[in-house]
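The first residue of the sequence shown is numbered 1, and numbering continues consecutively from there.
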Amino acid sequence: SQVDVLAFTWNVGNALPPGVEELRRHWLAPRGAGLIAVGSQECAFKPTPDGFRSSADFWFARLRAAVGDGGAYTLLSACSLGQMHLALF
């Protein structure tokens with residue numbers, strides 16, 4: 001069978017990522033994809049927003065909110081290596 005995949009990578013530039021609505025509008029409109037893969041690099045920003053232990057925790061939470069985790073998509077896996085992150089929905 002066939003699976004449509006939305007995959008992209010983004011150099012965040014160690015800056016605070018955009019808000020949930022902007023991510024949805026410009027990046028994460030699923031367009032019926034069966035799998036969404038989001039890779040990022042230079043994704044370490046300071047200060048870390050309140051309530052988060054790290055910029056990675058904040059980034060994954062922002063992606064979950066933008067994709068709609070728990071609705072049509074669920075975060076399947078998230079991993080990091082330094083300032084690089086990968087999330088699969």
Side-chain angles (χ1 to χ4, degrees):
S1 68
Q2 181 176 328
V3 175
D4 291 325
V5 177
L6 171 63
F8 65 91
T9 184
W10 182 11
N11 185 322
V12 181
N14 289 329
L16 190 67
V20 169
E21 291 305 317
E22 187 174 344
L23 283 172
R24 283 182 185 150
R25 189 171 45 253
H26 297 292
W27 293 93
L28 293 172
R31 300 175 193 95
L35 179 69
I36 300 173
V38 182
S40 62
Q41 60 275 355
E42 293 185 20
C43 191
F45 36 87
K46 299 211 183 288
T48 301
D50 289 341
F52 294 93
R53 296 177 311 166
S54 68
S55 53
D57 289 344
F58 176 80
W59 175 240
F60 289 131
R62 179 68 53 97
L63 289 175
R64 285 194 309 272
V67 170
D69 190 29
Y73 295 94
T74 301
L75 181 65
L76 301 172
S77 184
C79 60
S80 298
L81 177 62
Q83 297 179 3
M84 298 178 292
H85 311 299
L86 176 62
L88 298 175
F89 293 91

Kindly compute the distance separating CG (Leu88) from OG (Ser77), expressed to the nearest 0.5 Å.
5.5 Å

Is it possible for you to say whether Leu6 and Val67 belong to one hydrophobic cluster, with membership spreading through side-chain heavy-atom contacts below 4.5 Å?
yes

Residues that Glu22 engages under side chain to side chain donor-acceptor pair (under 3.5 Å), provided they are two or more places apart:
none

Write down the atom of Val12, the atom of Ser40, and the distance for their closest heavy-atom approach.
CG2-CB, 4.0 Å

Could you tell me whether the side chain of Ser80 reaches within less than 4.5 Å of the side chain of Phe60, counting heavy atoms only?
yes

Test side chain to side chain contact (heavy atoms under 4.5 Å, CB included), reference Phe89, set Leu63, Thr74, Leu76, output is Leu63

Other than Phe52, what residues sit in its cluster of Ile, Leu, Val, Met, Phe, Trp and Tyr side chains whose heavy atoms are under 4.5 Å apart, directly or through others?
Leu16, Phe45, Phe58

Note: Arg62 and Pro18 closest approach over all heavy atoms is NH1-O, 2.5 Å

Mind listing the closest non-hydrogen atom pair of Gln83 and Asn14 along with its distance?
OE1-OD1, 3.3 Å

On a heavy-atom basis, which atom in Ala87 and which in Leu75 lie closest, and how many Å separate them?
CB-CD1, 4.0 Å

Treating Ile, Leu, Val, Met, Phe, Trp and Tyr as nodes and any side-chain heavy-atom pair under 4.5 angstrom as an edge, say whether Tyr73 and Val38 lie in one connected cluster.
yes

Answer with yes or no whether the hydrophobic clustering places Phe8 together with Leu23; edges join I, L, V, M, F, W, Y residues whose side-chain heavy atoms lie under 4.5 Å apart.
yes

Indicate the atoms forming the closest heavy-atom contact of Ala33 with Val5, along with that distance.
CB-C, 4.3 Å

On a heavy-atom basis, the closest approach of Ala56 and His85 is CB-CE1, 3.4 Å

